[in-house]
2 protein chains.
Amino acid sequence: MPDRGKNKPDSDRFDFAEKLEANDESPPPKGSAGSVPNGSELDHPDPILDTRARLVEAARDLFLRQGYHNTGVKQILRAAGANSGSLYHYFPTKEDLLLAVLDFYADMLWPLVIAPVFDRVSDPIERIFGILDGYRRMLQFTTCAQGCPIGNLALELSDTHDNVRGLIALNFTNWKKAIEQCLDEAADCLPDDCDRAQLASFVLTIMEGGVMQARAYKTLEPFESAVAMLRDYFDHLNEQSSGWSAARKHD
Amino acid sequence: MPDRGKNKPDSDRFDFAEKLEANDESPPPKGSAGSVPNGSELDHPDPILDTRARLVEAARDLFLRQGYHNTGVKQILRAAGANSGSLYHYFPTKEDLLLAVLDFYADMLWPLVIAPVFDRVSDPIERIFGILDGYRRMLQFTTCAQGCPIGNLALELSDTHDNVRGLIALNFTNWKKAIEQCLDEAADCLPDDCDRAQLASFVLTIMEGGVMQARAYKTLEPFESAVAMLRDYFDHLNEQSSGWSAARKHD
DNA sequence: CTCTGTGAGTTGAACGGTCAATCAAGATCA
DNA sequence: TGATCTTGATTGACCGTTCAACTCACAGAG
């Protein structure tokens with residue numbers, strides 16, 4: 001196994017957590033794109049985070065906003081407040097930095113994306129739509145500039161960088177596991193012959209496709225209507241379920 | 001309106017048409033990736049095509065395989081058998097070349113993607129699944145390396161290049177129009193209150209999301225199962241339709 | 001029919017800038 | 001003292017783009 005520079009000290013990387021946690025409940029800013037966090041990079045890199053964590057965070061942010069190939073190492077260094085030597089002390093190449101970013105996403109999936117919804121919502125099907133709503137809010141918050149970070153990288157790099165592709169697939173798989181867990185809990189609201197892994201994959205398909213269209217059109221509408229149709233499909237599955245006598249109801 | 005170098009002579013650009021038309025029916029090659037058209041670029045640029053068309057075709061091919069930012073001008077020139085002066089004679093910048101590629105895709109949507117299916121299939125709903133099957137074959141033919149060319153560029157560039165984003169949205173819109181036309185023809189197989197534009201958008205969402213997962217996993221399976229679930233959803237809508245007495249059947 | 005001017009198209013070296021990556025030297029801390 | 005981490009100038013390759021020189025088909029003049 002290659003090194004990939006995964007010798008992180010111990011506790012870093014929770015700046016991102018706090019940021020998104022805060023974003024999680026607050027209403028999106030409206031009007032002019034004043035407080036939208038794009039444009040200039042963060043010029044006051046958090047001094048609490050060590051250099052490695054700052055590099056990963058800066059790279060994560062820039063890859064998300066600009067893509068991998070369109071982001072230069074110099075730009076990452078400026079945003080992280082570090083020098084090139086530091087970067088190459090922790091990461092052999094720029095690509096290894098990307099792998100660290102994908103590791104980070106994998107680690108943050110549960111605490112940042114899944115757990116907040118699970119804490120707030122108990123109904124398993126509603127949990128799925130709660131997760132989807134998180135992406136809707138992310139789109140809304142960035143005026144449809146940023147959607148799913150993994151999907152971005154998936155289409156840009158999965159052809160050409162096979163180890164990157166592996167980590168992207170892992171992120172997708174973990175995401176689908178969370179959905180599938182909800183589906184398992186809601187098994188009596190689904191037909192007996194329902195392949196729940198495939199259904200979880202379907203949910204991811206709709207999320208990613210919806211995000212893509214929302215970004216291409218700069219409107220939430222295609223995302224929202226896709227989710228609404230998914231809801232309609234879930235209702236249909238519910239009606240087909242054997243336990244329909246104990247029929248579910250949402251809102 | 002900016003120039004964008006759209007002063008194409010008269011008849012060019014149908015090399016791509018012939019290529020995909022041929023691909024359209026032939027079974028995919030199996031075994032080692034011998035005849036898969038990736039790897040080395042086309043070293044024998046078609047001398048029939050004029051320089052502008054060769055540039056667009058080479059750029060199209062490379063952008064599809066490697067992405068926009070990961071493809072250098074020099075590489076395009078080599079593949080097209082042209083010199084930089086020629087490129088900048090026709091296109092003010094590299095981005096204008098990309099816009100020409102997107103124009104090309106918009107022009108080729110009907111003759112290459114839609115018409116072959118419409119010629120072969122008459123049932124409107126089956127036409128939709130015929131179009132989706134075209135993408136499945138594209139994935140299969142490239143061993144899941146290439147999916148929808150527009151989706152690629154959508155996620156790579158729609159944040160940062162707004163005029164590019166406009167053309168991407170146009171391509172999406174035209175695609176959805178074709179689907180919506182099928183849905184209009186099949187109106188009696190759909191509920192009366194069905195929003196057919198939204199349903200067409202849903203079909204695109206599933207196509208793009210399915211292609212993304214297929215590429216990330218290098219397997220057709222997520223794409224195919226997503227399409228199967230879409231079919232299930234269409235069956236559900238058909239059962240809900242008022243004209244259900246004249247129930248449809250496929251296969 | 002030749003001569004000549006015109007301009008679209010081509011050539012490829014060269015430009016300034018940025019790319020990812022290197023490394024020797026210095027700082028910090030155990 | 002030695003290991004760990006940081007500094008930042010430096011590298012050569014490549015980036016997108018420019019441009020002066022050139023080819024050549026063709027149109028109008030003689």
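Only heavy atoms go into these numbers, but all of them, side chains included; no hydrogens, no water, no symmetry mates. We name chains A, B, ... by the order of the sequence lines, and we start the count at 1 in each one.
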Between Arg65(B) and Asp159(A), is there a salt bridge with N-O shorter than 4.0 Å? no
Letter by letter from the 5' end, nucleotides 6-11 of chain D scores (B base, S sugar-phosphate only, - none; protein heavy atoms under 4.0 Å) BBBB--
Is it true that a side-chain atom of Glu208(A) and a backbone atom of Met212(B) form a donor plus acceptor pair closer than 3.5 Å? no
Take the protein atom CZ of Phe91(B) and the nucleotide atom P of dT10(C), then report the distance between them rounded to whole Å. 11 Å
Please determine if Arg54(B) and Glu57(B) form a salt bridge, counting it only when a charged side-chain N lies under 4.0 Å from a carboxylate O. no
What class does the angle between the rings of Phe172(B) and Tyr217(A) fall in, given that below 30° is parallel, 30 to 60° is tilted and above 60° is perpendicular? tilted
Sort me out a list of protein N/O and nucleotides 16-20 of chain C N/O pairs below 3.5 Å, or just none if empty.
unit_1: dA20(C); atom_1: OP1; unit_2: Thr71(A); atom_2: O; d: 3.3
unit_1: dA20(C); atom_1: OP1; unit_2: Lys94(A); atom_2: NZ; d: 2.7
unit_1: dA20(C); atom_1: OP2; unit_2: Val73(A); atom_2: N; d: 2.5

Phe118(B): which residues meet the ring pair (Phe, Tyr, Trp, His ring centres under 6.0 Å) condition with it, sequence neighbours left out? Trp110(B)
Residues which pass side-chain hydrogen bond (donor to acceptor under 3.5 Å, both in side chains) with Asn163(B), listed by chain and number, not counting sequence neighbours: Glu95(B)
Applying ring pair (Phe, Tyr, Trp, His ring centres under 6.0 Å), name anything that partners Phe223(A), two or more places apart in sequence or on another chain. none
For residues 66-86 of chain B, which residue pairs qualify under ring pair (Phe, Tyr, Trp, His ring centres under 6.0 Å), counting only residues two or more places apart or in two chains? Phe63(B)-Tyr68(B), His69(B)-His161(B)
